[in-house]
Each structure stands twice: as C-alpha cells, then as structure tokens.
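What follows is a short report on a single structure.
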There are 2 protein chains.
Amino acid sequence: MAPATPLKRPYAARLPPDERRDQLLSAALDLAIERGFHAITIEGVARACGVTRPVVYGCFADRTALLDALVDRSEERALSALAAVFPDVPADGDPTDPDELIVAGLDAYLRAVAADPRTWRVILLPPEGAPAAMAARTNAQRRLLLRHLRGLSDWGLARRGTALDADLFARAVFTLAEGAARLLLADPGRWPVEHFTDFCRSILVAMRPGAPPEPKPA
Amino acid sequence: MAPATPLKRPYAARLPPDERRDQLLSAALDLAIERGFHAITIEGVARACGVTRPVVYGCFADRTALLDALVDRSEERALSALAAVFPDVPADGDPTDPDELIVAGLDAYLRAVAADPRTWRVILLPPEGAPAAMAARTNAQRRLLLRHLRGLSDWGLARRGTALDADLFARAVFTLAEGAARLLLADPGRWPVEHFTDFCRSILVAMRPGAPPEPKPA
DNA sequence: GCTCATTGCTACATGTCTGTAGCAACACAG
DNA sequence: CTGTGTTGCTACAGACATGTAGCAATGAGC
C-alpha cells in the first residue's frame with residue numbers, strides 16, 4: 001500500500017543540529033511553563049517537536065544536560081536584561097535624585113520582565129518540579145544583585161538623610177520589585193507598570209524628610 | 001541457625017494505625033525538607049520509619065493520598081497559627097494606633113514562623129518538586145489573608161490620613177512579611193525578630209504625615 | 001540520476017517506582 | 001500456654017522513562 005497513511009510518524013523535517021537544539025529547548029521551556037518541569041521528559045520534548053527520542057539524545061547527552069542547557073539559556077537572557085536595568089552607584093558630586101533612581105530602576109525592571117515573560121516566569125514563578133540546581137543558581141544571582149542594590153542604598157539613604165538600615169532597605173526594595181514582577185506575570189494586562197511605579201513614588205514622597213538636612217558637607 | 005543476624009530487616013515494632021500514620025507523615029515531611037518532595041517515595045518513607053512499603057499502603061491509598069495528607073496537615077497547622085496572629089479590623093471609635101497594629105502583627109507572625117519552622121519552610125520555601133496542588137492551596141489561602149489585610153489597610157490608611165493605594169499597600173506589607181519570614185527560615189539565628197520589627201517601625205515613623213509636601217503629582 | 005554524509009527511525013535492554021496478593025510474626029485474652 | 005486478630009513481610013507484575021545500537025530515509029553535489 002502506498003504511504004498515504006503514515007500512521008506512526010511522517011519522518012520529520014531535517015534540521016541542522018544548532019536549529020534543532022534551539023527548537024528542543026524552546027519546546028522544553030513551553031512544557032515547563034505549561035505542565036511543570038517533570039513534563040520535560042525526553043519523549044515529551046521529542047513529541048513536541050514532532051521527532052523521536054534519539055534525535056534529542058543527538059543534541060543533549062541526557063535529560064540533565066538538557067535541563068542544564070535550559071537553565072543556562074534562561075539565566076543568560078535574564079542577566080543580559082538586568083544589565084541594562086541597574087544603574088551604577090552615582091559619583092560623589094552627581095546630582096541624581098535617589099528617589100527617581102529607584103523609580104526609574106523599578107520601571108525598567110518591570111518593563112524588562114513584561115517584555116520576556118517566558119524567561120522570567122521560570123525564574124520568578126518557578127513551575128512545578130523545578131530542579132534544585134536552578135533555584136541555587138538564581139539565588140546566587142540574587143545575592144549578587146542584592147550586593148549592588150546595597151551599594152545604591154548606602155548612597156541613596158545617606159544622600160537623602162534617611163536613617164534606615166541599608167541592608168534591610170535594599171532587601172525590601174528587591175523583594176517588592178520581584179513581588180510586583182510576579183503580579184505582572186501572573187495576571188498580565190491587569191497591572192499597568194505605572195500602577196507600581198506610581199505607588200513606589202508615593203511611598204518615597206511620603207518618606208521625604210520634612211526638614212531636609214544639608215545636602216552635602218563639602 | 002538462631003536469628004542472631006537478621007540481615008534483611010528486624011521486624012519493626014508494631015504501632016496502631018493512627019500513630020503509624022503520624023510517624024509516616026513526619027518522616028515524609030523530613031524527606032521533603034531535606035531532599036525535596038521527589039524524595040517522598042513510598043519506599044523512602046517506609047525506610048525512614050524502618051518499615052516496608054505495604055505498611056505505608058496500609059495507611060495511605062497511594063502516593064498522592066500521602067502527599068495530600070501532608071499538605072492538609074501543614075495547611076491546618078499554618079492556619080491555626082495565623083488565626084492567632086491577625087487582629088480584626090478595629091471598630092470606628094477604637095483608639096488603636098495603626099502603625100503599632102502593623103508592628104505587633106509582624107512580630108506575632110514572625111514569632112509564629114520561628115516557632116514551627118518545619119511547617120513554614122514547606123509553605124514559604126517550598127522544597128524541590130513541591131506538588132502543584134500544594135502551591136494552588138497556599139495561594140488560595142494567601143488570597144484570603146490578603147483580603148483581610150486589605151480591610152486593615154483601608155482602616156489604617158484612612159485613620160492615618162495617608163493617601164496610598166490600599167490594595168498595593170496591603171500586598172506590599174504581606175510580601176515584606178513573607179520575605180522577612182523567609183530570611184528567618186533560611187538563616188535561623190542570624191536575624192532577631194526585632195531586627196525586622198524595628199525596621200518596620202522606622203519606615204512607618206518616617207512615613208508619618210508630618211510635613212507632606214504635595215499630596216498628588218498633577 | 002547516483003552517491004554518500006547527514007539526519008531521523010524502530011527496537012531493545014535496563015532501572016526505578018508503583019501497587020497488590022498472600023504469608024509470617026507478634027501480643028494480648030482467656 | 002494457646003488461640004486469634006492485628007500488624008508487618010516477602011514476592012510478584014506492571015507502568016514509565018532512560019539510554020543505546022543499528023537500520024532507513026533524505027537531499028545536496030557531482
């Protein structure tokens with residue numbers, strides 16, 4: 001009989017290894033987001049690409065290598081987005097307003113998250129079954145980021161003349177920013193970014209020291 | 001030969017079903033905390049109690065039922081702890097200071113978490129492989145709690161004369177409280193509870209409407 | 001059109017966990 | 001000490017995912 005009814009599988013289109021690799025990673029990410037990481041099975045990823053298991057093993061040594069590659073890619077994307085978001089600690093004479101620095105940073109961060117939700121979902125709202133290695137790596141990056149925010153806080157609180165624990169302040173800002181990002185991801189469309197930045201600005205304004213001290217002693 | 005060397009298994013002590021059930025659940029919780037939920041395997045739980053698999057099946061219909069029971073127990077414990085923490089919305093004439101209400105609530109919450117870390121760890125720092133059903137249930141409870149906090153915020157912000165979005169304020173307080181609790185759990189001993197309550201009080205004091213420059217940015 | 005390196009497929013062997021059936025040890029009542 | 005019900009054990013069968021070996025289809029270059 002002619003192969004008019006290729007019941008099993010219609011011999012998938014051939015792809016060069018690099019493209020296949022990318023395609024498989026994207027499919028794996030979709031599976032993780034929609035049905036959890038435990039749904040990232042060799043068979044599952046292969047099916048999602050209309051391909052059989054040995055094809056996956058052609059691109060990744062084993063399931064662990066696939067997951068590692070997925071985490072690598074997400075981390076890479078997130079970090080490159082973050083690099084554009086966070087300002088350096090301003091120099092001594094810099095006239096930048098600390099409050100506006102925070103608001104601008106929050107705005108940029110939230111827009112970056114909204115612009116690439118698939119990547120940030122995996123980081124901020126880890127789907128079921130996320131590998132421990134991934135949590136470890138995102139937490140390591142969080143610590144680095146926190147260190148940077150701590151530097152900014154030292155500078156900003158001093159400049160503002162606000163007497164607050166800089167460590168906890170940095171952590172609070174970070175926690176709230178991630179919380180806002182989670183709301184954005186969980187319910188896109190409901191929360192315009194300005195909703196959060198306006199709120200942030202209101203709080204900072206409310207916290208303005210009523211009688212501002214001397215701007216700088218030299 | 002005498003059974004001097006019971007190589008395989010020394011016939012575990014017999015327990016009535018209720019006690020066995022509790023023991024199995026505790027062992028499962030330990031496994032989840034130490035090695036992730038995927039380590040909760042029938043065999044693993046049984047071994048941890050010095051028992052064989054059919055004993056587990058005597059107490060739970062299957063693995064899913066075991067996990068459900070574990071989630072039930074955690075939820076129950078957490079909710080009964082929370083019930084003692086959160087105050088009702090004060091009546092109209094009540095002279096309670098809103099800021100002190102927040103600080104006292106935070107204090108009580110953090111102490112409740114510190115008093116039962118195994119329960120709260122599972123909720124606030126879900127180990128690897130946590131079942132989606134569990135996340136769904138804790139999130140449902142979070143929504144309820146948030147509703148209550150929203151009521152308190154409406155009252156407190158009005159009474160204080162602070163013009164802030166009550167919904168976001170409630171969410172912010174909740175997010176920060178959970179963040180503080182996570183720090184407590186992740187690194188017990190490093191963070192005295194007063195560290196957080198003092199910081200919280202400092203912020204609220206700084207936000208006292210002493211000299212609000214302009215209420216709204218046109 | 002043929003050749004041949006490349007890409008994908010079928011089929012197998014293995015390991016780990018689940019869930020069940022039927023037997024064996026214990027301990028308490030009398 | 002002996003019966004009897006309860007609790008635990010050994011042993012089996014099946015599901016599902018992994019990872020591998022060897023064959024088959026494809027299509028670009030001559």
Side-chain angles (χ1 to χ4, degrees), chain A residues 1-25 27-28 31-32 35-70 128-131 133, chain B residues 1-25 27-28 31-32 35-70 128-131 133:
Chain A
M1 194 190 277
T5 316
L7 271 175
K8 261 288 188 181
R9 190 172 288 281
Y11 206 107
R14 302 169 82 121
L15 282 183
D18 280 4
E19 282 179 52
R20 184 63 82 195
R21 199 184 141 89
D22 260 28
Q23 184 198 27
L24 292 170
L25 282 180
L31 282 174
R35 293 165 42 205
F37 273 89
H38 69 281
I40 301 187
T41 186
I42 302 289
E43 168 80 31
V45 173
R47 285 186 79 88
C49 295
V51 150
T52 55
R53 282 180 296 122
V55 174
V56 180
Y57 284 108
C59 294
F60 302 97
D62 53 18
R63 198 188 106 107
T64 305
L66 194 163
L67 289 177
D68 284 350
L70 188 59
E128 182 179 13
Chain B
M1 194 189 277
T5 316
L7 271 176
K8 261 287 187 183
R9 192 171 286 283
Y11 206 104
R14 302 167 83 120
L15 282 183
D18 281 4
E19 281 180 51
R20 184 64 81 196
R21 200 183 140 89
D22 260 29
Q23 184 197 27
L24 292 170
L25 282 180
L31 282 174
R35 294 165 42 206
F37 274 88
H38 70 279
I40 300 188
T41 183
I42 303 289
E43 168 80 29
V45 173
R47 284 186 79 87
C49 296
V51 150
T52 55
R53 282 182 295 121
V55 174
V56 180
Y57 284 108
C59 294
F60 303 97
D62 54 17
R63 199 188 104 106
T64 306
L66 193 162
L67 289 178
D68 284 350
L70 189 59
E128 180 178 13

Separation of dT6(D) atom C1' from Glu19(B) atom CD, nearest Å, is 14 Å
side-chain contact (heavy atoms from CB on, under 4.5 Å) filter on Arg14(A), not counting sequence neighbours, yields Tyr11(A)
Under 4.0 Å, heavy atoms only, any strand: does Ala13(A) hit a base, just the sugar-phosphate, or nothing? sugar-phosphate
By nearest-heavy-atom nucleotide on DNA chain D, the more 5' of Thr64(A) and Pro54(B) is Pro54(B)
Taking every heavy atom of Ala12(B) against every heavy atom of Gly50(B), the minimum-distance pair comes out as CB-O, 3.1 Å
So, with a heavy-atom separation below 4.0 Å from DNA chain C, the residues of residues 44-52 of chain B are none
To the nearest angstrom, the CD-C1' distance between Gln23(A) and dG8(C) comes to 13 Å
Between CG of Leu15(B) and P of dG5(D) the distance, given in whole Å, is 22 Å
Q. Are the side chains of Val45(A) and Leu31(A) in touch, meaning some heavy atoms are under 4.5 Å apart?
A. yes
Using residues 55-63 of chain B as the side-chain source, report each donor-acceptor pair under 3.5 Å to any protein atom, sequence neighbours left out, with the distance given to one decimal.
unit_1, atom_1, unit_2, atom_2, d
Asp62(B), OD1, Thr64(B), N, 3.3
Asp62(B), OD1, Ala65(B), N, 2.9
Arg63(B), NH1, Ile40(B), O, 2.4

note: Arg20(B), atom CZ; dT6(D), atom P; distance rounded to Å ~ 17 Å
Report each atom pair, protein N/O against N/O of nucleotides 16-18 of chain D, whose distance is under 3.5 angstrom.
unit_1, atom_1, unit_2, atom_2, d
dA17(D), O3', Thr41(A), OG1, 3.2
dT18(D), OP1, Thr41(A), OG1, 3.0
dT18(D), OP1, Ile42(A), N, 3.1
dT18(D), OP2, Thr41(A), OG1, 3.1
dT18(D), OP2, Ile42(A), N, 3.4

Sorted by chain and residue number, the side-chain hydrogen bond (donor to acceptor under 3.5 Å, both in side chains) partners of Arg20(A) (sequence neighbours excluded) come out as Gln23(A)
Any N/O pairs under 3.5 Å between the protein and nucleotides 26-30 of chain D? List them or say none.
unit_1, atom_1, unit_2, atom_2, d
dT26(D), O4', Arg14(A), NH1, 3.0
dT26(D), O2, Arg14(A), NH1, 3.2

Residues at least two apart in sequence or cross-chain that pass side-chain hydrogen bond (donor to acceptor under 3.5 Å, both in side chains) with Glu128(B), listed by chain then number, are none
Looking only at heavy atoms, the pair that brings Ala130(A) and Phe37(A) closest together is CA-CD1, 3.4 Å
Residues at least two apart in sequence or cross-chain that pass side-chain hydrogen bond (donor to acceptor under 3.5 Å, both in side chains) with Arg53(A), listed by chain then number, are Glu43(A)
One should read off an interatomic distance between Glu19(A) CD and Leu24(A) CG, to the nearest 0.5 angstrom, of 11.5 Å
